[in-house]
Amino acid sequence: MSSPAVQQPESVQVVEPTIPPAVPVTAPYNPPAPQASAPSASLYVGELDPTVTEAMLFEIFNMIGPVASIRVCRDAVTRRSLGYAYVNYLNAADGERALEQLNYSLIKNRACSSYLSRIMWSQRDPALRKTGQGNIFIKNLDEAIDNKALHDTFAAFGNVLSCKVATDEHGRSKGYGFVHYETAEAADNAIKSVNGMLLNDKKVYVGHHISRKERQSKLDEMKAQFTNLYIKNLDTEVTQEEFNELFNRFGNVTSALVATDEEGKSKGFGFVNYEKHEEAQKAVDELHDTDFHGKKLFVTRAQKKAEREEELRRSYEQAKIEKMSKYQGINLYIKNLEDDFDDEKLRAEFEPFGTITSCKVMRDDKGTSKGFGFVCFSSPDEATKAVAEMNNKMIGSQAAA
DNA sequence: TCTGAGCGT
C-alpha cells in the first residue's frame, strides 16, 4: 500500500500491436474495423498465468499471421489478469491455424515458467457453455495422454470446442478429462465409439458429463434407495444359517454373508443385500438395536469403502478440532523435566493450583522420558495461576517452563 | 478414485 507507486507498464498497458498501414484498408476514416474481421477471427485464450501480458501473447500469435489486437482481460479495480485473453486476427484463416498450431502449447511468462493455454473461438453467446450440451467425461486415461492426445483422439467424432485433461499441481494427469463438442450428436457418437475401448492399453470410460451438483443429487437418491445392509456387533457364535434366517423374514435376500477369518471363525459383522429397498428398510427398522444371541445388533445401510473412509476422516478431523478447543486455556505444556520425573511427581507439583483432570509425562517407545509433559486443569483460572507460579520454577535441578 | 471453466472493447 505505502510502497512507492511503481508503474509496471507491461502488466497494465494494453498493447495494441502496431500493424502497419495495412489495417484500415477499406475504410480509412471509419473508427472501428469493418465488422467482417472482428467476429470471425476472434480467439479466446484461457488458462493463462496472471503474469502473461499482451506483449508476450503478441510475440507468439503474430508468428502465425497478422494480429489486429490482443486484450488480456483484467479486474476493473486491481488490474490483475483474469487469466484469459482475446486475440483478434485480421484473417479468419490465421485464427484457424493458430487453433491448430498453438492450442495446448506452452506459453512462457517473464520468469520463464511455462503454462499450457487453451484456445477456442470466442463465443460470446454463453448458452452453449451453460447447457453442457455435447460435453463428455472420460476416465481411466493413461497418464501419458495429454490435452493434445485427447483432442486428437476425440476430434474424429466432431468439432471439439474445448478439451482438457485434469492435472494435479505438478501438471501430472489425474487420469480423467473432458471433451466439449459443438453438437450433442458428436458427443453421442464419441461415447458410442470409444466407451469401453482401449486407449494406450487402458480401458477407458466415456460418458456424458454430469455436473458435480447433479452427480451429488443422483448419489443421494441412490443412497436413499439402498438395498445393501451392514450388520455389526454380531455374536461370533451366530452361524451363517441363523444369520440368513434372521434376515430372510423381511424380504428377498439376494446375498448374505457373515465375515469370517482364515479359520472360518466369525468376525462379528456381515452384509445382507435385498432385492427391494423397502425390504432393506424394514430390516433396519425391525432389527437395529435389538437383541440377538445376547448382543444388541447394529443394522444400517452399507456404505461403500470410500464413503466409509471419508466419514472416518471427517469425524477424526472433527474430534481433533473439538479436542483443541476443549483444551484451549486449560492444558499446560511443561518442558525441561528431569529424566526421572513421572506422572505422579508432575501431578504433585501442580496439584496446589487446582483440580487436575489429566497429567502425563511423554515417553518414547522404550519408556524413557522425553523431558516434557502436559497438565490439564479443570478451569482456565487454575491453569493461569499455575503458569504464573510455576513457569521457570526449579523442580529438582531443572527449570520448568 | 475421478464429472472444469469459460468470453471484451
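Note on naming: letters A, B, ... go to the chains in the order of the sequence lines (proteins, then strands), and numbering restarts at 1 for each one.
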Of all the choices, [options], which nucleotide is nearest to the side chain of [X] once you look at every atom?
| X | options | answer |
| --- | --- | --- |
| A:Ser42 | B:dT3, B:dG6, B:dG8 | B:dG8 |
| A:Arg71 | B:dT3, B:dT9, B:dA5 | B:dT9 |
| A:Tyr205 | B:dC7, B:dT1, B:dT3 | B:dT3 |
| A:Arg212 | B:dG4, B:dC2, B:dG6 | B:dG4 |
| A:Arg124 | B:dT3, B:dC7, B:dT9 | B:dT9 |
| A:Met120 | B:dG8, B:dG4, B:dG6 | B:dG6 |

I want to check one thing: is the phosphate of B:dG4, taken as OP1 and OP2, less than 4.0 Å away from some side-chain N or O of A:His209?
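Answer is yes, contact under 4.0 Å.
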With heavy atoms under 4.0 Å as the rule, sort [X] into base, sugar-phosphate or nothing.
| X | value |
| --- | --- |
| A:Tyr84 | sugar-phosphate |
| A:Arg215 | base |
| A:Asp125 | nothing |
| A:Lys139 | base |

Nearest heavy atom decides the nucleotide; on that basis, is A:Asn140 or A:Lys164 closer to the 5' end of DNA chain B?
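Counting from the 5' end, the first nearest nucleotide belongs to A:Asn140.
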How about A:Tyr44 and A:Tyr84: are their ring centres within less than 6.0 Å of each other?
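So the answer is yes for these two rings.
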Determine whether the aromatic ring centres of A:Phe178 and A:His209 lie less than 6.0 Å apart.
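Here the rings of A:His209 and A:Phe178 have centres that are less than 6.0 Å from each other.
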For A:Arg347, which residues count as a salt bridge (Lys or Arg N to Asp or Glu O under 4.0 Å) partner, sequence neighbours excluded?
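A:Arg347 satisfies salt bridge (Lys or Arg N to Asp or Glu O under 4.0 Å) with A:Glu351 once adjacent residues are dropped.
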Rounded to whole angstroms, how far apart are [atom1] on [X] and [atom2] on [N]?
| X | N | atom1 | atom2 | answer |
| --- | --- | --- | --- | --- |
| A:Leu48 | B:dG4 | CG | P | 22 Å |
| A:His208 | B:dG4 | NE2 | C1' | 17 Å |
| A:Gln133 | B:dT3 | CD | P | 22 Å |
| A:Ile119 | B:dC7 | CD1 | C1' | 15 Å |
| A:Lys305 | B:dT1 | NZ | P | 9 Å |
| A:Arg74 | B:dT9 | CZ | C1' | 14 Å |
| A:Ile138 | B:dG4 | CD1 | C1' | 12 Å |
| A:Lys130 | B:dG6 | NZ | C1' | 9 Å |

Using centres under 5.5 Å plus planes under 30 degrees as the test, is A:Phe178 stacked with B:dG4?
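Aromatic stack with B:dG4 present for A:Phe178.
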Using the aromatic ring of A:Tyr176 (for Trp, its six-membered ring), decide whether it stacks on the base of B:dC2 within the limits of 5.5 Å and 30°.
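According to the criterion (under 5.5 Å, under 30°), no, A:Tyr176 does not stack.
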For residues 195-202 of chain A, which side-chain N or O atoms pair as donor and acceptor with protein atoms under 3.5 Å away, sequence neighbours left out?
{"from": "A:Asn195", "atom 1": "OD1", "to": "A:Val206", "atom 2": "N", "distance (Å)": "3.0"}
{"from": "A:Asn200", "atom 1": "ND2", "to": "A:Asp142", "atom 2": "OD2", "distance (Å)": "3.4"}

Pair A:Asn244, A:Gln240: side-chain N/O donor-acceptor within cut-off below 3.5 Å
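Yes, A:Gln240 and A:Asn244 have a side-chain donor paired with an acceptor closer than 3.5 Å.
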Parallel, tilted or perpendicular: rings of A:His277 and A:Phe226 (30°, 60°):
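The arrangement is perpendicular - the two ring planes meet at more than 60°.
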Can B:dG4 be described as syn, meaning its chi torsion is within 90° of 0, or is it anti?
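Classified syn.
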